[in-house]
Amino acid sequence: MKLKNLREKYNGLLEKLLRLFTLSGVMFAVTACYGVAPYDYIGYVDVDGEVLGENDEPLESVQVVIKRNHGCLYCDHYDTLYTNEEGKYHMRYNMFDLFGQDVVFTANDTTNVYAPDTAFVEETQMEFVKIEERDGRVVEEYYQLDVDFKLEKK
């Protein structure tokens, strides 16, 4: 009985050590092949937009919902913004929050006069603005994304 318990503990320890060494080997191989990103690297996407009515008048207090998905099946993330008195909104994202996925923008009129509108945005629609380098390596990247809406009355 004691020998059986001792053998199970030994086998469990051996299994954990093998998993640790396998994971360490994979991490080493990935780092050796691809390198690591510099720890001070930053990338931004400035998202700006304007919401206008039928006569091109700016609409204030329109709710703009930004839905993004980080590649997992059931983990959508929603950000809610409201337009200012000029009908504009702004949000700054880490570029990895938007790159590699489709992002859905929805404008909802809170006064219920205008019908909602939706825009689907892909990574290719983000415009490159500038890159900053230090010591021969990229440390900052900036992109711009404009998503404008023109809402029609219900």
Side-chain angles (χ1 to χ4, degrees), residues 15-154:
E15 180 185 357
K16 289 177 184 174
L17 284 173
L18 283 173
R19 285 184 181 184
L20 176 65
F21 290 135
T22 303
L23 180 61
S24 298
V26 169
M27 299 274 297
F28 176 77
V30 168
T31 304
C33 291
Y34 300 107
V36 293
Y39 66 91
D40 57 349
Y41 174 82
I42 299 171
Y44 294 111
V45 177
D46 281 326
V47 176
D48 291 297
E50 185 175 34
V51 181
L52 302 174
E54 289 179 334
N55 299 324
D56 292 334
E57 75 276 5
L59 298 179
E60 183 180 0
S61 299
V62 172
Q63 179 188 56
V64 178
V65 178
I66 303 168
K67 175 185 166 192
R68 50 200 171 86
N69 182 304
H70 290 285
C72 58
L73 201 52
Y74 300 108
C75 59
D76 292 334
H77 298 276
Y78 296 89
D79 294 312
T80 303
L81 310 170
Y82 291 90
T83 57
N84 62 16
E85 59 277 350
E86 298 170 349
K88 297 182 180 191
Y89 65 93
H90 171 80
M91 182 79 169
R92 175 172 271 189
Y93 283 99
N94 179 314
M95 68 185 264
F96 299 110
D97 287 340
L98 298 182
F99 272 45
Q101 59 182 304
D102 293 336
V103 183
V104 180
F105 287 73
T106 305
N108 299 308
D109 179 26
T110 55
T111 62
N112 209 19
V113 173
Y114 293 91
D117 192 15
T118 300
F120 299 94
V121 176
E122 297 176 343
E123 180 179 326
T124 57
Q125 293 173 269
M126 298 176 201
E127 294 180 29
F128 173 73
V129 176
K130 71 177 181 174
I131 253 182
E132 290 187 21
E133 294 185 23
R134 284 187 212 120
D135 300 327
R137 62 187 171 120
V138 175
V139 293
E140 293 182 7
E141 283 184 72
Y142 294 94
Y143 292 83
Q144 177 69 39
L145 175 63
D146 293 317
V147 182
D148 297 328
F149 293 95
K150 186 164 185 175
L151 300 184
E152 297 179 5
K153 289 188 178 182
K154 290 184 178 182

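Excluded from the calculations below are hydrogen atoms, water molecules and symmetry mates; all remaining heavy atoms, backbone and side chain alike, are included.
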**OP:** Work out which heavy atom in Pro58 is nearest to a heavy atom in Gly87; give both atom names and the distance.
**Re:** CB-N, 3.8 Å

Original post:
Should we count CD of Glu133 as having more than 12 external heavy atoms under 6.0 Å?
Top reply: yes

Subject >> For Ser61, all residues meeting side chain to side chain contact (heavy atoms under 4.5 Å, CB included), sequence neighbours excluded >> reply: Thr110

**OP:** Can you sort out the partners of Asp79 under side chain to side chain contact (heavy atoms under 4.5 Å, CB included), two or more places apart, ordered by chain and number?
**Re:** Ile66, Arg68, Met91, Tyr93

Original post:
Quick one: side chain to side chain donor-acceptor pair (under 3.5 Å) partners of Thr80, sequence neighbours excluded?
Top reply: none

Original post:
Can you name the residues that form a side chain to side chain contact (heavy atoms under 4.5 Å, CB included) with Ala119, not counting sequence neighbours?
Top reply: Phe105, Val147, Phe149

Original post:
Does any pair with a residue in residues 113-129 pass salt bridge (charged side-chain N to carboxylate O under 4.0 Å, His left out), and if so which ones, sequence neighbours excluded?
Top reply: none

Original post:
Got a second to check how far Lys130's NZ is from Glu141's CD, nearest 0.5 Å?
Top reply: 12.0 Å

**OP:** Would you give the length of the straight line joining atom OG1 of Thr118 to atom NZ of Lys67, rounded to the nearest 0.5 angstrom?
**Re:** 10.0 Å

Subject >> Contacts of type ring pair (Phe, Tyr, Trp, His ring centres under 6.0 Å), residue Tyr78, not counting sequence neighbours >> reply: none

Subject >> Partners passing side chain to side chain donor-acceptor pair (under 3.5 Å) against Tyr89 (at least two apart in sequence or in another chain) >> reply: none

**OP:** Provide the closest heavy-atom pair for Phe128 versus Ile131 in the form atom of the first, atom of the second, distance.
**Re:** CZ-N, 3.5 Å

Subject >> Heavy-atom pair with the smallest gap, counting every atom of Lys154 and Ala115 >> reply: CG-N, 3.7 Å

**OP:** Work out which heavy atom in Tyr143 is nearest to a heavy atom in Met126; give both atom names and the distance.
**Re:** CD2-O, 4.2 Å

All N/O donor-acceptor pairs, side-chain side in residues 45-57, below 3.5 Å, sequence neighbours left out:
from	atom 1	to	atom 2	distance (Å)
Asp46	OD1	Arg92	NE	2.7
Asp46	OD1	Arg92	NH2	3.4
Asp46	OD2	Arg92	NH2	3.0
Asp48	OD1	His90	ND1	2.5
Asp48	OD2	Gln144	NE2	2.7
Glu54	OE2	Lys153	N	3.0
Asp56	OD1	Lys150	NZ	2.8
Glu57	OE1	Asn55	N	3.1
Glu57	OE2	Tyr114	OH	2.8

Original post:
Atom CD in Glu132, atom OH in Tyr142: separation rounded to 0.5 Å?
Top reply: 5.0 Å

**OP:** Evaluate the side-chain proximity of Leu59 to Asp109: yes if any heavy-atom separation is below 4.5 Å, no if none is.
**Re:** no

Original post:
Can you tell me if Thr83 uses its side chain to pair, donor with acceptor, with the backbone of Val62 under 3.5 Å?
Top reply: yes

